[in-house]
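Worksheet for the structure shown next.
Hydrogens, waters and symmetry mates are skipped; everything else that's a heavy atom, side chains included, is used. Lettering follows sequence order; numbering is per chain, from 1.
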Amino acid sequence: MSPGPPNPPGLALGLVAAAVAVPGLLLARHATLPGLFGTLVVLLALSIGGRNRPTIAGLPAAGVHLAGLGISLGAGFLMLPDRPFGPLWTLAFLGLAAPRLAWRLTPRARGLVLLFGLLALMGLARAVPRFAFGVGTALVLILGVLAVLTADAGTPTLRRRGTLLPLITSLGFACALLTGLGIGLPAAEPAVVAALSPWLGNTERRSGFSESDIELGQISEIITSDTVVMRIHGTADHLRGQVYSDYTDGRWRRRTLSTQHTPRAGDDGLLLIDASVRGREVLLEAEPEAGPPLFAPLGTRRLRGAPPPPGPTAMASCTCPPPGAPSRAPGASNTPKTPPSPSCPLTPRTWPCPPTMPNDFGHLHAPGPPPTPSRSSKSTPCAAAS
Amino acid sequence: MNLRRLNYILIRGDARNWERWAKHPAVRLLYPFFAPVLVLTVEGQLVLTLTLLSGAAGMDVQFSSLYLVFSGLLSLLAAAWLGRLVFARPGALTVTMHVPPRVAAGEPATFTAELSNPGRRAAFALRVFGPFLTWDGAWIARRPAVPVVEPGGRVRVDAQARFLARGHHYVGRFRVASVAPLGLALGRFVETEPVRLMVVPRTVRLRHLPPPPLVADDLGEQVRGLTSGADYELAGLRPYRPGDRIRDLHAFSWARLGEPMVRTFRRAARRRAVVVLHTAVTRLDEEAFEAAVSLAASLVRWALEHGASTTLLVAGASPREVTVGPQSAPEAVALDVLGEVTACAPEAVHAATAARLAELRAANLPIYRVFSSFGPHVPSPAPGHGHTWVVGDKHSRASAQAAGHPTLTAAELALWEARP
């Protein structure tokens with residue numbers, strides 16, 4: 001019996017460390033300093049001990065984890081003044097996982113460290129772009145599987161003839177399925193919700209804004225409420241939150257994916273968008289009750305971010321072409337050509353607009369935690385309409 | 001109260017019950033629905049748990065990317081499920097189990113699985129799974145794993161388990177499956193023949209006891225005719241006397257000394273011992289009863305170590321008698337008898353037991369008696385060679401001490417091992 005040439009020494013440990021480092025690198029994409037800190041902690045732990053790592057178990061091992069948790073949380077509070085939940089969660093689990101790499105990993109400890117790495121990754125679900133998160137997920141899972149396989153004495157080594165092809169095939173299949181699910185689930189979700197709604201007891205007529213499909217006669221009456229859903233600074237005739245462009249069997253359906261072009265939040269975790277309507281800038285503050293969709297005036301062509309005014313709030317503003325201005329041709333560059341308006345009192349940040357943005361704004365959503373209302377702004381009770 | 005047994009109160013019987021249930025039509029009907037979970041390894045079950053948790057946390061697929069973790073974990077499971085069908089086929093793999101016929105209670109029993117691959121393709125990442133053990137059994141070693149069995153190759157791996165209860169054990173069928181390629185799901189199982197095992201009582205070394213005495217009837221030089229099957233040894237030579245058998249003449253001595261010489265024989269001097277275990281109890285104390293059986297087994301072993309021909313008599317509802325020794329059955333026979341001993345009520349003791357005990361006493365043999373209970377129902381030990389111990393519950397020990405008989409507890413018996 002020959003399981004084949006042995007795996008390189010330390011391969012399993014390196015794979016575990018790489019799996020744990022992936023969330024750190026993703027975090028660095030969102031918040032550079034904490035992310036680099038987390039990655040460096042992983043690399044530092046990996047470099048301690050060399051091949052003759054001591055063993056540790058029981059209470060001392062738990063102490064190591066807890067010490068790492070405390071240090072990482074402390075560093076997180078120092079480096080992330082606004083203390084966003086997701087990145088802090090990631091830093092916490094990186095701190096739990098990384099110090100254990102300095103000791104010899106038993107199978108149980110290996111599984112625990114990999115679990116911490118996966119949990120650290122989950123903290124970035126709203127903080128990093130979906131594509132990057134998907135790639136990070138695939139990397140963590142593949143590295144985790146390889147780490148477990150290479151450390152298992154009952155599995156032939158990766159260099160054994162006849163073992164690599166099944167492994168690569170299976171992992172490739174898993175990646176393909178992950179890609180399909182990653183794209184397909186958001187696309188299928190409205191249809192699934194619509195199909196299941198009769199069985200979920202969701203048959204009552206409703207009022208207000210919703211991104212799900214609309215059945216004729218479903219919206220029966222306007223429910224009045226004093227709840228503040230949005231604040232508008234400037235003049236805007238209509239605001240658009242979703243576009244329903246497909247009608248079949250008495251049901252309006254939307255065709256756009258809500259997350260295709262999602263403006264990202266700033267380092268403070270708030271989405272700040274500046275805009276103007278017919279040459280005039282409009283500042284929109286979204287209250288928590290408005291939900292994550294971004295409402296924009298008709299004809300919006302540019303989004304700009306701005307730091308929040310005093311007090312916790314989220315704002316959105318759009319720039320619209322003046323009346324009579326030619327609309328952009330499909331496929332034109334999304335990068336805005338004009339600089340931000342100097343009249344805007346806030347420092348802008350600009351995001352590229354999709355070609356269909358002037359006519360279809362429903363796919364723009366504000367990620368991150370829902371903002372809290374600002375007490376200093378004028379409140380306008382309103383129901384957002386499409 | 002046996003808490004271990006209470007812990008398994010809903011799991012009746014041994015692996016035979018499971019095998020019977022597995023063949024039930026309802027189970028066969030439902031198996032395809034549960035098979036995706038049942039074929040997962042421990043790692044696969046962990047991934048499944050994480051999949052469910054991340055799925056619950058990532059319900060919001062529009063505004064959070066958390067569902068990608070669910071998708072990734074589900075993809076891994078799907079790849080494992082598909083991979084087990086394509087890559088984890090056992091081929092022509094066969095498995096043969098080598099099992100010890102008996103093992104002492106509490107001692108590790110080693111089960112050796114011999115994996116043979118007469119096929120043309122190597123079998124990768126094989127795991128050997130022992131059957132589910134009920135309250136008295138526990139696997140010691142981790143599931144043995146074999147990285148690869150080459151074509152035409154043969155690999156032996158060991159699995160160890162520990163059993164606490166005496167008696168026949170239907171351990172069940174071992175199963176071998178491949179976890180290739182991802183280690184998350186098991187391929188098609190290869191099952192072995194059912195494995196059976198006899199668990200005998202544990203013994204301790206009774207170094208402090210003097211050897212069993214030689215039986216007087218068997219001592220002394222007695223010239224006897226050679227009888228077929230009898231145990232005689234050469235005692236010496238003496239001059240021929242009329243009446244001696246011609247076949248006992250010793251030609252070489254006659255030639256050297258010049259007169260006819262004959263060989264004399266004597267029956268071999270042997271040590272004899274009788275071990276009697278009284279299984280009648282008024283109040284069953286499982287620990288004490290097991291200690292009594294263990295002491296009886298230890299006495300048999302001790303007598304055999306001193307070369308004594310030992311008769312074991314189990315005095316109970318179904319009396320059993322067996323003689324083991326140098327010219328008799330091996331020790332294992334006595335251990336097997338003791339492995340099946342159960343306690344009985346005093347009134348259930350077979351009537352023939354008392355008569356047989358009287359015969360043994362009349363033969364002037366040293367008798368070592370072990371009582372698992374003491375009270376009015378217990379016949380008083382007759383004077384003579386031998387010894388008596390009472391290894392019973394607290395009340396029995398108190399009664400025995402009042403009657404002047406030595407008592408013993410399970411803990412004290414275990415300490416005898418360390419006595420010089």
Side-chain angles (χ1 to χ4, degrees), chain A residues 1-4 111 115 118 121-122 124-126 128-130 132-134 136-138 140-142 145 148-149 152-157 160-163 165-182 185-186 188-190 211 257-259 262 291-292 365-367, chain B residues 42-43 46-47 50 53-54 57-84 86-88 115 117 121-128 142-150 153-157 178-185:
Chain A
M1 178 188 65
S2 167
L115 177 64
L118 189 64
L121 177 76
M122 291 167 77
L124 301 171
R126 286 174 182 262
V128 297
R130 182 158 293 184
F133 188 82
T137 303
V140 168
L141 294 179
I142 289 174
V145 167
V148 172
L149 288 179
D152 185 9
T155 304
T157 62
R160 173 67 164 79
R161 188 167 165 263
T163 58
L165 182 63
L167 188 61
I168 292 174
T169 306
S170 299
L171 290 178
F173 173 78
C175 286
L177 194 58
L178 168 61
T179 307
L181 288 172
L185 280 180
E189 190 254 359
E211 281 210 302
L257 286 179
S258 296
T259 53
T262 305
H365 292 82
Chain B
V42 175
E43 293 85 358
L46 180 64
V47 170
L50 287 174
L53 292 176
S54 61
M59 292 287 284
D60 183 0
V61 299
Q62 301 291 352
F63 311 118
S64 168
S65 302
L66 201 55
Y67 77 97
L68 287 173
V69 175
F70 161 78
S71 304
L73 293 168
L74 188 65
S75 302
L76 272 185
L77 286 178
W81 280 321
L82 195 63
R84 67 177 285 269
V86 180
F87 302 116
L115 283 64
N117 183 13
R121 297 177 57 184
F124 293 112
L126 298 167
R127 301 284 185 275
V128 180
R142 195 171 179 268
R143 292 189 181 96
V146 181
V148 58
V149 182
E150 301 288 357
R154 194 181 295 264
V155 179
R156 292 167 73 105
V157 288
S178 170
V179 298
L182 295 180
L184 301 177

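- Pairing each heavy atom of A/Ser170 with each of B/Ala79, the nearest pair is O-CB, 3.4 Å.
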Could you walk me through whether A/Leu115 and B/Leu50 satisfy the side chain to side chain contact (heavy atoms under 4.5 Å, CB included) test, starting with their C-alpha distance in whole Å, then the side-chain angles of each, then the deciding distance to 0.1 Å, before giving a yes or no? CA-CA 9 Å; A/Leu115 177 64; B/Leu50 287 174; 3.5 Å; yes

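- Side-chain atoms of A/Arg130 do not come within 3.5 Å of backbone N or O of B/Leu68 as any donor-acceptor pair.
- Contact annotation for A/Thr169: only side-chain heavy atoms (C-beta onward) come within less than 4.5 Å of a heavy atom of chain B.
- Comparing A/Cys175, A/Ala174, A/Gly180 by heavy-atom pairs within less than 4.5 Å of chain B, the highest count is held by A/Ala174.
- Across A/Ala176, A/Gly136, A/Gly162, the residue that shares the most heavy-atom pairs under 4.5 angstrom with chain B is A/Gly162.
- In this structure, the portion of B/Ala122 lying under 4.5 Å from any heavy atom of chain A is its side chain and not its backbone.
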Walk me through it: do A/Met122 and B/Leu53 pass the test side chain to side chain contact (heavy atoms under 4.5 Å, CB included)? CA-CA 12 Å; A/Met122 291 167 77; B/Leu53 292 176; over 6 Å; no

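- Looking at A/Leu118, only its side chain comes within 4.5 Å of chain B, counting heavy atoms on both sides.
- For A/Leu149, the part lying near chain B is the side chain, with the backbone staying farther off; criterion is any non-hydrogen pair under 4.5 Å.
- Across all their heavy atoms, B/Ala145 and A/Gly154 have their closest contact at CB-CA, 3.5 Å.
- The greatest number of non-hydrogen atom pairs below 4.5 Å with chain A, out of B/Leu46, B/Leu82, B/Leu66, is found for B/Leu66.
- Between A/Leu178 and B/Ser75 the shortest heavy-atom distance is N-OG, 3.2 Å.
- Of all the listed residues (B/Val86, B/Leu73, B/Leu126), the one sharing the greatest number of non-hydrogen pairs under 4.5 Å with chain A is B/Leu73.
- By the 4.5 Å heavy-atom criterion applied to side chains, B/Glu43 and A/Asp152 are not counted as neighbours.
- Note that OG1 of A/Thr155 and CZ of B/Arg127 are 4.5 Å apart. Values are rounded to the nearest 0.5 Å.
- Contact annotation: the side chain of B/Val69 approaches that of A/Phe133 to within less than 4.5 Å [non-hydrogen atoms, C-beta and beyond].
- Heavy atoms of B/Ala78 lying under 4.5 Å from chain A belong to its backbone as well as its side chain.
- Of all non-hydrogen atoms in B/Tyr67 and A/Leu181, the two that sit nearest each other are CE1-O, 3.7 Å.
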